[in-house]
Enquirer: 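The structure that follows is given in the form of C-alpha cells.
Per chain, numbering begins at 1; letters A, B, ... match sequence-line order.
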2 protein chains.
Amino acid sequence: MSSYEKTCLIRGDGGRAIRSILDRIGNKWTLLVVATLEGGSMRFTELQQRIPGVSQRMLTRTLRLLERDGLVTRTVHAEVPPRVEYELTATGRTLIAPAVTLAEWAVEHNPGIERSHTSFDARAAQPPPDVG
Amino acid sequence: MSSYEKTCLIRGDGGRAIRSILDRIGNKWTLLVVATLEGGSMRFTELQQRIPGVSQRMLTRTLRLLERDGLVTRTVHAEVPPRVEYELTATGRTLIAPAVTLAEWAVEHNPGIERSHTSFDARAAQPPPDVG
DNA sequence: CAGTATCCCGTCCGATACTG
DNA sequence: CAGTATCGGACGGGATACTG
C-alpha cells in the first residue's frame with residue numbers, strides 16, 4: 001500500500017471510522033481502563049484502586065461506554081454484597097496493540113513536543129521580531 | 001517486551017505521555033489536517049478545500065496547535081496577497097504511521113462497534129429481563 | 001460494593017461577522 | 001488570502017452527596 005493510500009484510511013469518508021474510536025479513547029480514562037483490564041477480569045473497586053485519580057462517576061461512565069462499544073463485558077453476580085466483574089472482550093483486547101503503538105510514539109516524542117511548547121509560548125509572548 | 005510491559009507504556013506515570021497526544025488528535029480536525037499535509041506543503045485555502053466541512057476558525061485553531069506542538073511549520077511569504085504555507089515537520093510525519101495503525105483498527109472494527117451500539121441501546125430501552 | 005443524582009466549570013466546535 | 005472577534009450550544013470531567 002502506498003503512503004497516500006494509507007492516509008486514505010484516515011481521510012476516507014471524512015475520517016468517520018477513526019473518529020469513532022478517537023471519540024472513545026480521546027476520553028481521559030478509557031485507555032487507562034483498557035490497559036488495566038489487560039490484567040484480566042476485575043471488580044469495580046479494584047479498577048478504581050489501580051487507576052489513581054479516577055472518580056466513581058467517571059469510572060462508571062467510562063465502563064458503560066466501553067460496554068456499549070462491545071469492548072468490555074459487565075457481569076453482575078447475584079450475591080450480597082454485590083459483585084460486578086469487568087473484562088475485556090476479544091475486540092477490546094485487539095485495541096491494545098494500536099494503543100501501545102501510539103503510546104510508544106508519545107513516549108518518544110513528548111519531550112520534543114514539550115520543548116516546542118516552551119519555545120512557541122516564549123515567541124508568542126514577545127512582540128514579533130521586526131527588521132530594523 | 002511482555003504484554004504487561006507494553007501496557008505500561010499506556011499506564012506509566014498515569015498515562016501522561018499518551019494523554020498529551022490524545023489531547024491533540026482527539027480534536028476533530030487534527031488527523032485530517034495531518035493526513036492532508038502528508039501530500040506536501042500546502043496553503044491555508046487549499047487545506048480548507050481539501051478538508052470538507054472545516055471552518056476557517058477551526059482550521060486556524062488546529063494549525064496553531066499543531067505548530068505549537070512542533071508537528072507543522074507555518075511559513076509566511078511577504079507578498080501581496082499574503083501567502084502562508086503549512087508543512088509537516090519531520091516529527092509530524094512520524095505521527096502518520098501510528099495514526100494509520102489506529103485507522104486500520106477503526107476500519108476493521110467499526111461495523112462490530114456499531115452493531116454493539118444498536119443491541120446495547122435496544123437492551124437499555126427495554127425493562128431489564130426478569131425471572132418469572 | 002457499586003453505583004446515581006446534582007452542580008458547575010472549562011473546552012470543543014459551529015455559525016456569523018469583520019479585517020490587514 | 002488568511003486570518004480575528006464574538007456568541008452560543010453541547011459535552012467532558014471534577015466535587016460532592018445520596019442509595020439498593
Enquirer: What residue pairs, at least two apart or across chains, pass ring pair (Phe, Tyr, Trp, His ring centres under 6.0 Å) with a residue in residues 92-111 of chain B?
Expert: B/W105-B/H109

Enquirer: Does the side chain of A/L71 come within less than 4.5 Å of A/L88's, by heavy atoms?
Expert: no

Enquirer: Sugar-phosphate means primed atoms, P, OP1 and OP2; the rest is base. With that split, encode nucleotides 5-11 of chain D 5' to 3' as B, S or - using protein heavy atoms under 4.0 Å.
Expert: -B-----

Enquirer: Can you run down the salt bridge (charged side-chain N to carboxylate O under 4.0 Å, His left out) pairs that involve residues 49-63 of chain B, sequence neighbours left out, and say none if there aren't any?
Expert: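 Only B/E46-B/R50 qualify under salt bridge (charged side-chain N to carboxylate O under 4.0 Å, His left out).
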
Enquirer: Looking only at non-hydrogen atoms, find the nearest pair between A/L47 and A/V33 and report the distance.
Expert: CD2-O, 4.5 Å

Enquirer: With side chains defined as the heavy atoms from C-beta onward, is the minimum distance between B/E87 and B/L37 less than 4.5 Å?
Expert: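 Heavy-atom side-chain distance check fails, nothing below 4.5 Å.
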
Enquirer: Report the C-alpha distance between B/L31 and A/L22 in whole Å, list the side-chain angles of each, state the deciding distance to 0.1 Å, and finish with yes or no for side chain to side chain contact (heavy atoms under 4.5 Å, CB included).
Expert: CA-CA 10 Å; B/L31 276 189; A/L22 282 177; 3.7 Å; yes

Enquirer: For DNA chain C, what is the dot-bracket line, given that a base pair needs Watson-Crick (N1 to N3, plus N6-O4 or O6-N4) or G-U wobble (N1-O2 and O6-N3) geometry with both distances under 3.5 Å, and | means paired with another strand?
Expert: ||||||||||||||||||||

Enquirer: Would you please name every residue forming a side-chain contact (heavy atoms from CB on, under 4.5 Å) with B/T7, sequence neighbours left out?
Expert: A/A35, A/E38, A/I96, B/Y4

Enquirer: Any residue in residues 45-54 of chain B with a heavy atom nearer than 4.0 angstrom to DNA chain C? Just list them by number, or reply none.
Expert: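 Hits under 4.0 Å, by residue number: none.
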
Enquirer: In this structure, would A/I21 and B/F120 fall into the same cluster of hydrophobic residues linked by side-chain contacts under 4.5 Å?
Expert: no

Enquirer: With a strict under 4.0 Å distance from non-hydrogen atoms of chain A, what nucleotide opens and what nucleotide closes the contacted stretch of DNA chain C, reading 5' to 3'?
Expert: C/dC1 to C/dT6

Enquirer: Using side-chain contact (heavy atoms from CB on, under 4.5 Å) as the criterion, list what pairs up with A/R64, not counting sequence neighbours.
Expert: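 Partners of A/R64 by the side-chain contact (heavy atoms from CB on, under 4.5 Å) criterion, ordered by chain and then number, come out as A/T60, A/E67, A/R74, A/Y86.
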
Enquirer: Specify the closest pair of heavy atoms between A/A99 and B/I18, including all atoms of both residues, with the distance to one decimal.
Expert: O-CD1, 3.7 Å

Enquirer: Check for a donor-acceptor pair, side chain of A/R24 on one end and backbone N or O of A/T30 on the other, with a separation under 3.5 Å.
Expert: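 No.
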
Enquirer: Which residue pairs pass the side chain to side chain donor-acceptor pair (under 3.5 Å) test with at least one member in residues 8-19 of chain B, sequence neighbours excluded?
Expert: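 Found A/T36-B/R11, B/R19-B/D23.
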
Enquirer: Applying the 4.5 Å side-chain criterion to the ILVMFWY set and letting contacts propagate, would A/L65 and B/I10 be lumped into a single cluster?
Expert: no

Enquirer: At a heavy-atom distance below 4.0 Å, what parts of residues 68-86 of chain B sit against DNA chain C?
Expert: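 Per residue number, the list reads B/P82.
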
Enquirer: What heavy-atom pair brings B/S116 and A/G70 nearest, and what distance separates the two atoms?
Expert: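 For B/S116 versus A/G70, the nearest heavy atoms are OG-N, 3.1 Å.
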
Enquirer: Run the side chain to side chain donor-acceptor pair (under 3.5 Å) test against A/T118 and tell me which residues pass, sequence neighbours left out.
Expert: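 None.
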
Enquirer: Considering only heavy atoms from C-beta outward, does the side chain of B/I25 approach that of B/L95 to under 4.5 Å?
Expert: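 Side chain of B/I25 against side chain of B/L95, heavy atoms only: contact under 4.5 Å found.
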
Enquirer: Test side chain to side chain contact (heavy atoms under 4.5 Å, CB included) on A/S119 and A/R123 and set out the steps.
Expert: CA-CA 6 Å; A/S119 63; A/R123 265 176 285 140; 3.4 Å; yes

Enquirer: Under a 4.0 Å heavy-atom cut-off, which of residues 18-40 of chain A touch DNA chain C?
Expert: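 Residues of residues 18-40 of chain A under 4.0 Å from DNA chain C: none.
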
